[in-house]
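See structure below.
Quick caveat: nothing in here was measured; it's all calculated off a predicted structure.
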Amino acid sequence: MVASLLLAALWGLSVFAGWGLEAFCSDGESRKACAQRLDMVSTVSGLFAVVAASATAGAWLTRRPGLLPLALVAWVAAEGVLFVGGMVAQ
């Protein structure tokens, strides 16, 4: 459960607090064009994050620990899409 919450915090800070923009759009290129490409990547990553958040909440509220592996895999997928997509957006 703690790992799932930490991955959720990392994803949230990367998308909403500007960590992703700083990591992938800080060099000389037009920041606006890079930010637009990163927004599309964040949207796709958000689909995995919704699945992950739902599985995390379901595991916590229903006391079904079998949902936690699904949540962790979905969080890792959300982070992976964000990272790979950010590298491509550069």
Side-chain angles (χ1 to χ4, degrees):
M1 182 62 77
V2 172
S4 201
L5 295 176
L6 290 174
L7 286 170
L10 177 63
W11 183 85
L13 290 170
S14 296
V15 172
F16 298 115
W19 287 12
L21 285 174
E22 285 299 316
F24 298 115
C25 298
S26 61
D27 46 347
E29 184 193 355
S30 169
R31 188 170 172 100
K32 185 176 180 179
C34 182
Q36 288 175 344
R37 290 191 303 269
L38 195 60
D39 281 345
M40 183 180 65
V41 170
S42 296
T43 302
V44 173
S45 177
L47 298 174
F48 290 101
V50 166
V51 171
S54 299
T56 301
W60 184 53
L61 294 173
T62 63
R63 307 277 190 232
R64 292 185 184 172
L67 291 174
L68 285 177
L70 171 66
L72 289 175
V73 167
W75 279 123
V76 170
E79 297 287 347
V81 167
L82 195 59
F83 177 76
V84 171
M87 295 298 287
V88 171
Q90 277 184 330

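- In this structure the side chain of Leu82 never reaches within 4.5 angstrom of the side chain of Phe48, judged on heavy atoms.
- Between Trp11 and Ser42, the shortest heavy-atom contact is CZ2-O, 4.3 Å.
- No continuous path of hydrophobic side-chain contacts links Val41 to Val50 [ILVMFWY only; heavy atoms under 4.5 Å].
- Between the side chain of Ser45 and the main chain of Ala78, a donor-acceptor pair closer than 3.5 Å is present.
- Both Phe16 and Leu7 are part of a single hydrophobic cluster, where members link through side-chain heavy atoms under 4.5 Å apart.
- No continuous path of hydrophobic side-chain contacts links Val15 to Val81 [ILVMFWY only; heavy atoms under 4.5 Å].
- Taking each heavy atom of Cys25 and Leu38 in turn, the nearest pair found is SG-CD2, 4.4 Å.
- Here the CE-CG distance, from Met1 to Leu6, works out to 12.0 Å after rounding to the nearest 0.5 Å.
- Take Val51 and apply the side chain to side chain contact (heavy atoms under 4.5 Å, CB included) test, not counting sequence neighbours, and it matches Ala74.
- Side-chain heavy atoms closer than 4.5 Å link hydrophobic residues (I, L, V, M, F, W, Y) into clusters, and following such links, even through other members, never connects Val73 to Leu70.
- Side-chain contact between Phe83 and Phe24 is present, with heavy atoms from C-beta onward closer than 4.5 Å.
- Around CE of Met40, the count of heavy atoms belonging to other residues, nucleotides or ligands within 6.0 Å does not exceed 12.
- The nearest pair of heavy atoms linking Ala35 to Leu21 is CB-CD2, 3.7 Å.
- Nearest heavy-atom pair, Leu72 versus Ala3, reported as atom, atom and distance to 0.1 Å: CD2-CB, 3.9 Å.
- In this structure, Leu10 is a member of the same hydrophobic cluster as Leu13, with clusters built from ILVMFWY side-chain heavy atoms closer than 4.5 Å.
- Residues Thr56 and Trp75 have side chains in contact (heavy-atom distance under 4.5 Å, counting atoms from C-beta outward).
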